[in-house]
Amino acid sequence: MMASPPAGAPAPEPAPEFDFVLFGATGDLARRKLLPALFDAHAAGSLHPRGRILALGSQPLSHDAYLAMLNDEVLPALAGNAAAAAWQGFLDRIVYLQVDANADAGFGALAELVNARAAPVVVFYLATAPHLFVTICEQLARVGLTGPRSRIVLEKPLGHDLASSEAINAEVARHFAEDQIYRIDHYLGKESVQNLMAVRFGNVLFEPLWRREWVRQVQITIAEELGVERRGNFYDGIGALRDMVQNHLLQLLCMVAMEPPTSLSEDAIRDEKLKILKALRPIRPEDVAEKVVRGQYSRGAAGGDPVPGYASEPGIAPDSRTETFVAIRAEIANWRWAGVPFYLRTGKRMQSRVAEIVIHFHDVPYPLFPHPLGIMSGNRLVITLQPEESIRLYFLTKQPGDTQALIPASLDLQLNTAAPRVRRVGAYERLLLDVIRGRLGLFVRRDEQVQAWRWVAPILKTWENSPTPPKPYTAGTWGPAASSALLSRDGMAWHEEM
Ligand code: BG6
């Protein structure tokens, strides 16, 4: 068990006074993630008392009607009585403003509001469709809101492919310097991902083993039980490779595989991640069929109830070939990782919601001890991001009693049980506070994003030109059989199949 943090541990620095300008304030992301995250930060006392939230939407809502909508749709999802007590104070921070990205009028009013206060930090969060990013930046520049105190947060997907993402990046860069641009990937804000860095680089134990000589394979899974929900129109033009692999999965892979950074400064970390993205062995079009599995869920069950197949979901074309599942066998061409397979997998409507990184170490060279299951060592480090956050180290130990047999055991390396009462900071909450405090380390730099698009490009292209549709898998399973075959060809199995 780990000890509690020392009493003298530094308190988090207070956030400066800010205006948080939220484009897309009536949208799904704002209601489900961003406003609850800002609320949590407010309730925890992490926001400056004069920090304001300017909620912008294209709908002609009165301020009171907007707050009523938050009462109905955001408050019920927040936890318990403590939330209710802090709620009014949170609403007092909010001002609703109707702003249509394509109309000048709203931006004039926005500038007046922002300039009247002159807060030292102004955050523009673009929780809108990406085709509006450039127009919004131009409008902000037109009304003089792109100065040094401004920061812009860009939600993914930033573009559709390398060319379109670079076109957006180039336009945004005309108005904002790179250190004003926060490309958000909320997986980087998850506690276990942060703790992975701490476990790797805060101890001497793992680093010598963290390489091809000792690691046999790495698995990174983000499985969702939900289907496409109400996002059909949006998702059908995107698919799992763009929605999850190009960003979340590749960022997690970087966190596992990168070299120790020279410091915790933002560019030291991002430089190391970039090296990994550059070292990813390209998947050539002729290798796509062998190294990549794409699937689409068909009718099945979720949580015990029957659910429709993807092509029958609202907003989806009945002949859609959009993938809802991807599995990839990736390799990193450098001295540390050459020859170690990195299996990446993500899917909607899978058997359960789980996000985890599993580092499988090699077996012992020779089995000295009898083991009923025939496992030679089973050493693995499992970093679970969802549904609960944990880091566990699995190993074999002696079965108690008059026997030499070994049994599997595990060590909890996270503070879950040691510090049960310490409040967990959610991914969006952490990242939004980072934006307000001006910390870029957990945001994706432009060159990283370019490199990630470059790596997925041949896969996208090959699928586009391929006559073969995605492989169907029954909703509520672990994906197409080809996904298991991807590993069994190497003599491996997915973690849950072991
Ligand atoms: C988003 C994707 O980035 O991540 C969604 O666009 C996905 O399709 C979501 O559902 C998953 O995030 P989390 O944190 O709920 O696993």
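Only this structure's heavy atoms are used, side chains among them; waters, hydrogens and symmetry mates stay out. Remember, it's 1-based here, ligands and their atoms both numbered in the order they're listed.
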Who are the residue neighbours of ligand 1 when the rule is a heavy atom under 4.0 Å from any of its atoms? Lys33, Lys156, His186, Tyr187, Lys190, Glu224, Arg231, Asp243, Met244, His248, Lys348, Arg353, Gln386

Partners passing salt bridge (Lys or Arg N to Asp or Glu O under 4.0 Å) against Arg430 (at least two apart in sequence or in another chain): Glu191

Ring centroids only, cut at 6.0 angstrom: are Phe325 and Tyr473 within range, meaning strictly under it? yes

Within 6.0 angstrom of Arg299 CZ, more than 12 heavy atoms from elsewhere: no

Carboxylate-amine/guanidinium contact Asp28 Arg231, below 4.0 Å: no

Ion pair check, Asp447 and Arg270, cut-off under 4.0 Å: no

Assign the ring pair Tyr96 / Tyr66 to parallel, tilted or perpendicular, where the plane angle (0 to 90°) is split at 30° and 60°. parallel

